[in-house]
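Report on one structure; see the data block that follows.
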Amino acid sequence: MQTNQIALSVAEAKAKIGVGTTKFYELLNEGKIEAVKVGRKTLVLTDSLEKYVANLPRRPIKN
């Protein structure tokens, strides 16, 4: 998930990891993904997204 951006909008971050709004805010509220506020806008830190995805449990893919 390498990107040059250090932060993404909530919409971009949700799309990047493929979850819906409810699940995404759940992850934010649980502290599993970090965000910052710039005025009224919420920006999600890309390194936080990468760490979250990297730490998800691995499961074998069945064909």
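Note that the structure is a prediction, hence the values are computed from the model and not measured. Below, each value reflects all heavy atoms present in this structure, side chains not excepted, and no hydrogens, waters or symmetry copies.
- Side chain of Thr42 to backbone of Lys37: no donor-acceptor contact under 3.5 angstrom is found.
- For the side chain to side chain donor-acceptor pair (under 3.5 Å) test, no residue two or more places apart in sequence or in another chain qualifies with Lys51.
- Thr46 contributes atom OG1, which lies 11.0 Å from atom CD of Glu34 (distance to the nearest 0.5 angstrom).
- Its side chain within the 4.5 Å cluster rule, Leu43 clusters with Val36, Val38, Leu45 among the Ile, Leu, Val, Met, Phe, Trp and Tyr residues.
- Defined by atom type and a distance below 3.5 Å, a donor-acceptor pair is present between the side-chain atoms of Thr21 and Lys14.
- Lys23 NZ to Ile17 CD1: the interatomic distance, rounded to the nearest 0.5 Å, is 9.5 Å.
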Could you go through Tyr52 and Leu49, starting from their C-alpha distance and side-chain angles, then the distance that decides it, and tell me whether this counts as side-chain contact (heavy atoms from CB on, under 4.5 Å)? CA-CA 5 Å; Tyr52 171 73; Leu49 279 180; 5.6 Å; no
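- The CD1 atom of Ile6 sits 13.0 Å away from the OG atom of Ser48 when rounded to the nearest 0.5 Å.
- Around atom CZ of Arg40, no more than 12 heavy atoms belonging to other residues, nucleotides or ligands sit under 6.0 Å away.
- Here the side chain of Glu12 pairs a donor or acceptor atom with the backbone of Ser9 at under 3.5 angstrom.
- Side-chain N or O atoms of Arg59 include none that pairs as donor or acceptor with a backbone N or O of Pro57 at under 3.5 Å.
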